[in-house]
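Structure, as structure tokens:
In what follows, chains carry the letters A, B, and so on, assigned in the order in which the sequence lines appear, proteins first and then strands, with residues in each chain numbered from 1.
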There are 2 protein chains.
Amino acid sequence: MDDKNISQAVVARLPRYYRYLGELRDSGIERISSQDLSSLMKVTASQIRQDFNNFGGFGQQGYGYNVEYLYNEIAKILGLDKTHNLIIVGAGNLGQALANYMNFERRGFLLKGLFDKNPALYGKELRGIAVQSVENIECFVRENDIDIAVLTIPKDGAVKTAEILVRCNIKAIWNFAHVDLNVPDNIVVENVHLSDSLMKLSYGIANQ
Amino acid sequence: MDDKNISQAVVARLPRYYRYLGELRDSGIERISSQDLSSLMKVTASQIRQDFNNFGGFGQQGYGYNVEYLYNEIAKILGLDKTHNLIIVGAGNLGQALANYMNFERRGFLLKGLFDKNPALYGKELRGIAVQSVENIECFVRENDIDIAVLTIPKDGAVKTAEILVRCNIKAIWNFAHVDLNVPDNIVVENVHLSDSLMKLSYGIANQ
DNA sequence: TATATTTTGTTATTTTTTTAGCATATATGT
DNA sequence: ACATATATGCTAAAAAAATAACAAAATATA
């Protein structure tokens, strides 16, 4: 895209801004200043202005930011104005939870396929999508314009599946497996390491 | 605990060190230098040494780090040498996934209770634990020495439940709800905002 | 319409985090 | 036992991130 050197820290804050702006919009608020957003979100007004300015000037002096406009601009920055086709690999508890939880569909993330290596699950339907064999991943991804693969399988399978997905020119992998995937730079990997998160929590308890 | 000013960035890296050290240990490696760990983990050796030195000197010049020893020390730092009792509030797909996935038990996180507001689920058992009414949370937490509450419910419920949990002197909340909980400073909150994660991924696609 | 107030965008400063450099201690090899 | 190679812990430097400061622009008010 146009902007080049946006730090990960900034990107990581965007979804939270997006969430707050959405709530403001839903409650009918039309405009907000960085100062007011600051006290609402418990971050500095300066950081808010800096963050937004990484992507251009969305506000107006003396007025502040138009909530609806800013909300939509952030959506565009996050790529939420486009739809993405995704598959879930691993139809166990977590995979099913994500498939069913597809609140994501509202945001343009469309579930197109479900895969598992356990034949007992083949044909089982979730949200109208039948589970099929992991053998089919390669063809399916190529033929159905899949952008995102969600990996909810154990680590060995995740590593192997990632290799297949790379061959299929997948754009991004949402990785719930407890392993670091080694893929080319042009493929986006977003890790959700739940046990890491729980350990951070544990650290917090141990160190008040 | 003893150490005071450990940055969040350092803490966030500890689980990953722990994971790699565990794998090294399991494959029979006895010692490792920061340099070798560096190329394995793709972080600088300097950062590795700095990180560990926040908690004391675990290595030896000319030798490196003893894998088993370091692994155990990090476990202590993360509080994994103690057990924690936890409850899951919200027995929907995600709650069930986490309950069943309790690989966490190996690390000392013991599931003690399951709660939901849907009466249809009452009595349903997961890993030998029966789902009960959210009405019972307060008593249960007080009487069963619960440290951690996992919130896998929608945001409105999460906010209300958090208030109850604060009254019960819960130590930590693992929050999967899409909302920022407002609790006193002495209560640890670890957020897992899956949609934030998915948006970061989306950003990655949009900006290659 | 003029004046005071608000509030951004941007530059400057401070703080935090990461990386580099090196003296010192240990291990290894001859 | 001595010399050489390793590799930490720590200090110093560099880079990145967060915060503060403020001029310029727009709004609100009288």
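Candidate nucleotides C/dA20, C/dG21, C/dT10 were compared by shortest atom distance to the side chain of B/Arg49, and C/dG21 ranks first.
Taken residue by residue, residues 33-44 of chain A places heavy atoms nearer than 4.0 Å to DNA chain D at A/Thr44. Shown for residues 7-25 of chain A: residues whose heavy atoms fall under 4.0 angstrom of DNA chain D, namely A/Ser7, A/Arg13.
Recorded end-axis angle for the helix from C/dT1-D/dA30 to C/dT30-D/dA1 stands at 20°, based on five pairs per end and rounded to 10 degrees.
Computed from coordinates, the A/Gln50 CD to C/dT7 P distance equals 19 Å when rounded to whole Å.
Not counting sequence neighbours, the partners of B/Gln35 by the side-chain contact (heavy atoms from CB on, under 4.5 Å) test are B/Ser33, B/Ser38, B/Ala45.
Between B/Lys160 and B/Glu163, no side-chain nitrogen of the basic residue sits less than 4.0 Å from a carboxylate oxygen of the acidic one, so the salt-bridge criterion is not met.
You can see that DNA chain D meets the heavy atoms of chain A within a 4.0 Å-exclusive cut from D/dA17 to D/dA28, reading 5' to 3'.
Counting any heavy atom pair closer than 4.0 Å across all strands shown, A/Phe52 reaches no nucleic acid atom.
Looking only at distances, no side-chain donor or acceptor of B/Ser202 sits under 3.5 Å from a matching main-chain atom of B/Leu198.
Relative ring orientation between B/Tyr18 and B/Tyr71 is described as parallel, the plane-to-plane angle staying below 30° on a 0-90° scale split at 30° and 60°. Ring geometry for A/Phe109 against A/His84 counts as parallel: the plane angle stays under 30°, on a 0 to 90° scale with 60° as the upper cut.
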Give me, pair by pair, the N or O atoms of the protein and of nucleotides 28-30 of chain C that are less than 3.5 Å apart, along with how far apart they are.
| unit_1 | atom_1 | unit_2 | atom_2 | d |
| --- | --- | --- | --- | --- |
| C/dT28 | OP1 | B/Arg31 | NH1 | 3.2 |

